[in-house]
Student: 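Starting off with a structure, shown below.
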There are 2 protein chains.
Amino acid sequence: MSANSRLTIAVHALAWIGLYSEIGGGPATSASIAASVRTNPVVIRRLLSELREAELVVSHRGTPAGWTLSRPAADITLLEVKNALGEGSPFALHSSAPSVNCPIGLSIGPVLSDIYDVAEKAANDALARFTIQQSLDEMLVRSNRTKPSLFVNFTKTVQKMP
Amino acid sequence: MSANSRLTIAVHALAWIGLYSEIGGGPATSASIAASVRTNPVVIRRLLSELREAELVVSHRGTPAGWTLSRPAADITLLEVKNALGEGSPFALHSSAPSVNCPIGLSIGPVLSDIYDVAEKAANDALARFTIQQSLDEMLVRSNRTKPSLFVNFTKTVQKMP
DNA sequence: TTTAATGTAACTATAATGGTTACATTAAAA
DNA sequence: TTTTAATGTAACCATTATAGTTACATTAAA
């Protein structure tokens, strides 16, 4: 594991919670989400706890426990999800400060920081144009709406799991 | 060290080579660049060898050895530098495939891939608007053009180093 | 009281970044 | 032809982020 798939897993989890709620399933458990993502439930709980701090989801304990969206899926943008995860710029400055005895070393930080801000803002603006609901709808279109039973079957299978 | 500062180091090196050539210094050595970046010369050589494969720089062996730009600094964009480093999207899909028994797991890959492409293209378009020369000029402005001796002094200091 | 989930600590594995040493190779200049 | 000062590159090591896993305390409705 190396590249940053945290946003992907978070969107996967939110779409799953949204769809599960759409079919009247109530709070979605980390185990059922993990079965779809094919990872460990703790990985899902850790990620969702970050989204809970940003008030994108609510966790429920006791019975029935699980996770629900705080807001309609149509009101949650991918940018909000990315921000909730605390993902910063993909471009970092020097890990240790360059030489201040060189005019380049002295000023490259602020200059590149400004440029990176422009690039990151452009990417953020793009992510802000997509919502969880749009992503979910597109997923369902691509996995063929003519098989509406697929998700229901999946949730039944999950519930039988050890 | 963790975040990705490879683009930053590469821009630093290219700006340094460009400025050194501007003052008639000839090929810049990895040792002098490393002194400005404050890292090990091998780190610079490794990065520059990737830029050489993309034909952004030329390395010279023998005497005098060092590095020069293949093209004017005004013709090298930050996007070309990023591409030369093989930096992909900051957003990765799942590290292992999700469940194909779930409509979300089945289709989330292509959907997010399309969205990530839009966001990455927006960031790339922004980086393509900045060149090494523009970055260098801005650095020199910020470190005060009224002290033109700073860089010359730095190169002299570097040459005295062990 | 039972039950089925979350909350969270602790440990491990893997990979990327980058720092370092060592040494072979190169090509101009003496 | 030898010297010299650099690049080219392999081989390590340290640090960090991601994420997989186990274990167990906590929660709250039934």
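Residue numbers begin at 1 in each chain, while the letters A, B, ... track the order of the sequences.
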Student: Expressed in angstrom and rounded to an integer, what is the separation of B:W67 atom CH2 from D:dG8 atom C1'?
Tutor: 8 Å

Student: Going by the rule salt bridge (charged side-chain N to carboxylate O under 4.0 Å, His left out), which residues pair with B:D75 if we only count those two or more places apart in sequence or in a different chain?
Tutor: none

Student: From CD of A:E50 over to P of C:dG7, roughly how many Å is that when rounded to an integer?
Tutor: 13 Å

Student: Does the distance from a Lys or Arg side-chain N to an Asp or Glu carboxylate O, for A:K121 and A:D125, drop under 4.0 Å?
Tutor: yes

Student: Taking ring-ring contact (aromatic ring centres under 6.0 Å, His included) as the cut-off, I'd like each qualifying pair that reaches into residues 95-134 of chain A, sequence neighbours left out, listed once.
Tutor: A:F91-A:Y116

Student: Write down the distance between CD (B:E87) and P (C:dA16), rounded to a whole number of angstrom.
Tutor: 12 Å

Student: With sequence neighbours left out, write down each residue that passes salt bridge (charged side-chain N to carboxylate O under 4.0 Å, His left out) with A:D114, or none if nothing qualifies.
Tutor: B:R142

Student: Which residue pairs pass the salt bridge (Lys or Arg N to Asp or Glu O under 4.0 Å) test with at least one member in residues 97-109 of chain A, sequence neighbours excluded?
Tutor: none

Student: Give me the residues of residues 40-47 of chain B where at least one heavy atom lies under 4.0 Å from an atom of DNA chain C, by number, or none.
Tutor: B:N40, B:V42, B:V43, B:R46

Student: So if I take every side-chain heavy atom of A:R52 and compare against C:dT17, D:dT7, C:dG7, which nucleotide ends up nearest?
Tutor: C:dG7

Student: Check whether any side-chain heavy atom of B:L56 lies under 4.5 Å from a side-chain heavy atom of B:R71, and answer yes or no.
Tutor: yes

Student: With sequence neighbours excluded, what pairs up with B:R38 under the salt bridge (charged side-chain N to carboxylate O under 4.0 Å, His left out) test?
Tutor: none

Student: Dot-bracket, DNA chain D: Watson-Crick or G-U, under 3.5 angstrom, [ ] crossing, | other strand?
Tutor: ||||||||||||||||||||||||||||||

Student: To the nearest angstrom, how far is B:I17 atom CD1 from D:dA6 atom C1'?
Tutor: 14 Å

Student: Round to the nearest Å and state the distance from B:N4 atom CG to C:dG18 atom C1'.
Tutor: 11 Å

Student: Taking only side-chain nitrogens and oxygens of B:S49, does any of them come within less than 4.0 Å of OP1 or OP2 of D:dT9?
Tutor: no

Student: Tell me the ring-ring contact (aromatic ring centres under 6.0 Å, His included) pairs involving residues 22-71 of chain A, sequence neighbours left out?
Tutor: none

Student: Round to the nearest Å and state the distance from A:H94 atom NE2 to C:dG18 atom C1'.
Tutor: 13 Å

Student: Give a yes/no on whether any side-chain N or O of A:T29 is located under 4.0 angstrom from OP1 or OP2 of C:dA5.
Tutor: no

Student: Mapping A:S96 and A:S30 onto DNA chain C by nearest heavy atom, which one lands closer to the 5' end?
Tutor: A:S30

Student: Choose from C:dG7, D:dT18, D:dT7 the nucleotide whose nearest atom is closest to any side-chain atom of B:S59.
Tutor: D:dT7

Student: Considering residues at least two apart in sequence or located in another chain, which fulfil the ring pair (Phe, Tyr, Trp, His ring centres under 6.0 Å) criterion with A:H94?
Tutor: B:H12

Student: So, are B:E120 and B:K82 salt-bridged, with charged N and O less than 4.0 Å apart?
Tutor: yes

Student: Let me have a per-nucleotide readout for nucleotides 25-30 of chain D, 5' to 3', with B, S or -, counting only protein heavy atoms under 4.0 Å.
Tutor: -BBBB-

Student: Would you mind reading off the distance between A:I33 atom CD1 and C:dT6 atom C1', rounded to a whole angstrom?
Tutor: 12 Å

Student: Using the test side-chain hydrogen bond (donor to acceptor under 3.5 Å, both in side chains), find all partners of A:S107 that sit at least two apart in sequence or belong to another chain.
Tutor: none

Student: Would you please name every residue forming a salt bridge (charged side-chain N to carboxylate O under 4.0 Å, His left out) with A:E55, sequence neighbours left out?
Tutor: none

Student: Figure out the NE2/P separation between B:H60 and C:dA28, and round it to whole Å.
Tutor: 11 Å

